[in-house]
Amino acid sequence: QVQLVESGGGLVQAGGSLRLSCAASGRSFSLYLMAWFRQAPGKEREFVADISRGGASTDYAGSVKGRCTISRDNAKNMVYLQMHSLKPEDTAVYYCAARDTVTSPRYEYWGQGTQVTVSS
């Protein structure tokens, strides 16, 4: 069982940067694969990035590769998404998600989301 709370969203101009944070509560945070998803109005939720339990492996959606960096600090129960060179197409609600890679084939825990708006 883990609870997730996102923060760091806001309004930025195209080309700007933001760092999103996800604070996890609950036991054994380091056992979970963590990920960021996003959902724009009228669109389905899409994968953005994930990071392995120890932080050694990461994966990114092609649309953000090279512009985003996902990281985690297991000592602080935190996961981050650093975004650069933001585009209006990045505007969405960003969600933090977690799953136990051993027992769960799907992300089972989700935060409430944080709004990112990129103006042109």
Side-chain angles (χ1 to χ4, degrees):
Q1 189 77 27
V2 60
Q3 294 178 327
L4 307 173
V5 179
E6 304 95 335
S7 63
L11 174 64
V12 298
Q13 290 188 325
S17 300
L18 279 176
R19 188 176 81 158
L20 307 183
S21 299
C22 175
S25 63
R27 294 178 291 276
S28 302
F29 172 73
S30 63
L31 298 179
Y32 292 89
L33 176 69
M34 302 297 298
W36 288 95
F37 290 77
R38 66 186 183 185
Q39 186 169 27
K43 296 184 178 180
E44 295 183 351
R45 187 170 298 183
E46 65 175 346
F47 168 81
V48 176
D50 65 24
I51 186 166
S52 62
R53 290 170 292 178
S57 298
T58 58
D59 190 36
Y60 299 91
S63 59
V64 303
K65 188 174 297 183
R67 300 189 297 117
C68 293
T69 301
I70 187 171
S71 60
R72 68 191 295 164
D73 186 340
N74 288 345
K76 297 181 179 179
N77 282 18
M78 297 288 292
V79 62
Y80 307 96
L81 183 69
Q82 180 70 56
M83 302 186 291
H84 303 283
S85 301
L86 285 164
K87 305 174 181 179
E89 305 93 273
D90 296 318
T91 295
V93 177
Y94 284 70
Y95 297 90
C96 182
R99 71 178 177 96
D100 185 326
T101 58
V102 175
T103 63
S104 180
R106 301 181 64 184
Y107 288 94
E108 54 191 326
Y109 304 110
W110 295 83
Q112 293 298 308
T114 185
Q115 176 71 48
V116 172
T117 302
V118 184
S119 62
S120 60

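Residue indices begin at 1 and follow the sequence shown.
- One finds the OH atom of Y107 at 9.5 Å from the OG1 atom of T101 (value rounded to the nearest 0.5 Å).
- Put simply, the side chain of E6 gets close to the backbone of G113: a donor and an acceptor are under 3.5 Å apart.
- Summarising the geometry, atom SG belonging to C96 is positioned 12.5 Å from atom CD belonging to Q3; distances are rounded to the nearest 0.5 Å.
- Between atom OH of residue Y60 and atom CZ of residue R67 there is a gap of 12.5 Å, rounded to the nearest 0.5 Å.
- With sequence neighbours excluded, the residues satisfying side-chain contact (heavy atoms from CB on, under 4.5 Å) with Q115 are T91, V93, T117.
- No continuous path of ILVMFWY side-chain contacts below 4.5 Å connects W110 to Y32, so the two sit in separate hydrophobic clusters.
- Of all heavy-atom pairs spanning T103 and P105, the tightest one is O-CD, 3.9 Å.
- Atoms CG and CZ, on L20 and R38 in that order, are 11.0 Å from each other to the nearest 0.5 Å.
- The nearest pair of heavy atoms linking L4 to A24 is CD2-CB, 3.7 Å.
- With hydrophobic clusters built from ILVMFWY side chains whose heavy atoms lie under 4.5 angstrom apart, I70 shares a cluster with L31.
- Formation of a donor-acceptor pair under 3.5 Å by the Q112 side chain with backbone atoms of V5 is not found in this model.
- Grouping the Ile, Leu, Val, Met, Phe, Trp and Tyr side chains by contacts below 4.5 angstrom, directly or via other members, places F37 apart from V118.
- In this structure, the side-chain contact (heavy atoms from CB on, under 4.5 Å) partners of Q39, at least two apart in sequence or on a different chain, are R45, Y95.
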Counting only pairs under 3.5 Å, give me each side-chain donor-acceptor contact of residues 78-87, with atom names and distances, residues two or more places apart or in other chains.
unit_1: Q82; atom_1: NE2; unit_2: L18; atom_2: O; d: 3.3
unit_1: H84; atom_1: ND1; unit_2: S17; atom_2: OG; d: 3.0

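- Using a distance-only test at 3.5 Å, with no hydrogens or angles considered, no donor-acceptor pair links the side chain of D50 to the main chain of A97.
- Considering all non-hydrogen atoms of both residues, N74 and G54 come closest at ND2-CA, 4.3 Å.
- The closest donor-acceptor contact from the side chain of R72 to the backbone of L33 lies at 3.5 Å or more, if one exists at all.
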### Query
Taking it one step at a time, do R53 and V102 satisfy side chain to side chain contact (heavy atoms under 4.5 Å, CB included)?
CA-CA 11 Å; R53 290 170 292 178; V102 175; 3.9 Å; yes

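- The minimum heavy-atom distance linking A14 with P88 is given by the pair CB-CD, 4.1 Å.
- Considering all non-hydrogen atoms of both residues, V2 and A98 come closest at CG1-CB, 4.3 Å.
- A continuous path of Ile, Leu, Val, Met, Phe, Trp and Tyr side chains, each step under 4.5 Å between heavy atoms, connects F29 with Y109, placing both in one hydrophobic cluster.
- Atom OG of S28 sits about 9.5 Å away from atom CG of N77, to the nearest 0.5 Å.
- Between the OH atom of Y94 and the SG atom of C22 there is a distance of 15.0 Å, given to the nearest 0.5 Å.
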